[in-house]
Amino acid sequence: NESSFRSDFMDIFILSKSKFVISSITGLDSVPFIFKIPIVEVGVIPFVYQRTYSNLYISFFKNYFSKTLNRCLTMSEIFENDISHILGDNNLKNEIEFIHPSSDEILSSCVEIENRISDTYIENDQNKENQKIFRDKYNSFIKKYYPSREVSKNKGIVAEKFLKNNHFLLS
């Protein structure tokens, strides 16, 4: 029994009037971007799909957990082992487990984007450095392995708490 209030137009309308949107890199999250509405991208996978062309996106990733190494992989390992482009339904299930971000990381990224929107966000020096390291490494790997995804200026933001909690990515 479908509601008479449901419509494709209403889906678009609600997204266009949102303060910010939480998404998982689906096609529909292009709608708020058109209206310059910030987007929190939760559990970005594949790794190469971070949207770096705009600072409206705050991203964080699923972790690539290696069962053999018994730890999460670094960004270097993800790119250099040619797994930065694979989805969760891959043929490496016996080796790689994708770990979804925690509810705490999701909540903190929503607080972060809310603070950014309201101009109360204060970025600490450690996060500035982490963002720079992440961008530089990411740009380098994209240029080397996926030049079609390269942008002239990487404006992508990785959620502060995610980077802090997953500092190993920068190794």
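- Criterion: ILVMFWY side-chain heavy atoms under 4.5 Å apart, direct or through other members. Under it, Y121 and I157 are not part of a common hydrophobic cluster.
- Under a hydrophobic clustering in which Ile, Leu, Val, Met, Phe, Trp and Tyr are joined whenever their side-chain heavy atoms come within less than 4.5 Å, directly or via other members, I12 and I14 fall into different clusters.
- Here the straight-line distance linking atom OG1 of T74 with atom CG of N166 works out to 12.0 Å at 0.5 Å rounding.
- I22 and V111 are assigned to two separate hydrophobic clusters, defined by single-linkage of ILVMFWY side chains at heavy-atom distances under 4.5 Å.
- By the 4.5 Å heavy-atom criterion applied to side chains, L15 and I37 are not counted as neighbours.
- For K67, the NZ atom is densely surrounded, since the number of other residues' heavy atoms within 6.0 Å is greater than 12.
- Between I106 and H100, the closest heavy-atom pair is CD1-NE2, 4.3 Å.
- By the 4.5 Å heavy-atom criterion applied to side chains, S84 and F141 are not counted as neighbours.
- Side chains of I142 and F47 form no contact here, defined as non-hydrogen atoms less than 4.5 Å apart.
- In this structure, K161 and D104 have side chains that are in contact, with non-hydrogen atoms separated by less than 4.5 Å.
- Considering all non-hydrogen atoms of both residues, P32 and I39 come closest at CG-CG1, 4.0 Å.
- I96 places a side-chain heavy atom less than 4.5 Å from the side chain of L73.
- Here the CE atom belonging to M75 is positioned 9.5 Å from the OG atom belonging to S140, to the nearest 0.5 angstrom.
- A single hydrophobic cluster is not seen to contain both I34 and I113; linkage of ILVMFWY side chains at heavy-atom distances under 4.5 Å, directly or through other members, places them apart.
- Looking only at atom types and distance, the side chain of Q50 has no donor-acceptor partner in the side chain of N154 under 3.5 Å away.
- Closest of all the heavy-atom pairs between K137 and S76 is NZ-OG, 3.9 Å.
- Using cut-offs of 30° and 60° for the angle between ring planes, the Y146 and H85 rings count as tilted.
- Between F162 and S108, the closest side-chain pair of non-hydrogen atoms is not below 4.5 Å.
- Annotation for I122: atom CD1 does not count as buried by contact number, only 12 or fewer foreign heavy atoms lying within 6.0 Å.
- Here the straight-line distance linking atom CD of E129 with atom CZ of F134 works out to 14.5 Å at 0.5 Å rounding.
- Taking the side chain as every heavy atom from C-beta outward, F33 and V21 never approach each other to under 4.5 Å.
- In this structure a side-chain-to-backbone donor-acceptor pair under 3.5 Å is present from E112 to E160.
- Formation of a donor-acceptor pair under 3.5 Å by the N81 side chain with backbone atoms of I83 is not found in this model.
- F65 and V44 are assigned to two separate hydrophobic clusters, defined by single-linkage of ILVMFWY side chains at heavy-atom distances under 4.5 Å.
- Open room surrounds CG on D8; 12 or fewer heavy atoms of other groups in view lie less than 6.0 Å from it.
- Within the model, atoms NZ of K164 and CG of N130 stand 10.0 Å from one another, a figure rounded to the nearest 0.5 Å.
- The shortest side-chain heavy-atom distance between L169 and I78 falls under the 4.5 Å cut-off.
- Nearest heavy atoms, L163 versus N127: CD1-OD1, 4.4 Å.
- N63 approaches C72 most closely through the heavy-atom pair CB-SG, 3.7 Å.
- In this structure, F98 has its ring center under 6.0 Å from that of Y64.
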Go through V48 and F79 one step at a time and tell me if the side-chain contact (heavy atoms from CB on, under 4.5 Å) criterion holds. CA-CA 9 Å; V48 298; F79 277 99; 3.6 Å; yes
Which side-chain N or O atoms in residues 53-62 pair as donor and acceptor under 3.5 Å with protein atoms at least two apart or in another chain?
unit_1, atom_1, unit_2, atom_2, d
S54, OG, L56, N, 3.0
Y57, OH, R51, NH1, 3.2
S59, OG, E41, OE1, 3.3

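- T68 and S66 form no side-chain donor-acceptor contact under 3.5 Å, judged by distance and modelled atom types alone.
- No donor-acceptor pair under 3.5 Å is formed between the side chain of E95 and the backbone N or O of L92.
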I'd like to know whether F35 forms a side-chain contact (heavy atoms from CB on, under 4.5 Å) with K17, so could you lay out the CA-CA distance, the side-chain angles of the two residues, the decisive distance to 0.1 Å, and finally the verdict. CA-CA 8 Å; F35 293 99; K17 298 301 179 186; over 6 Å; no
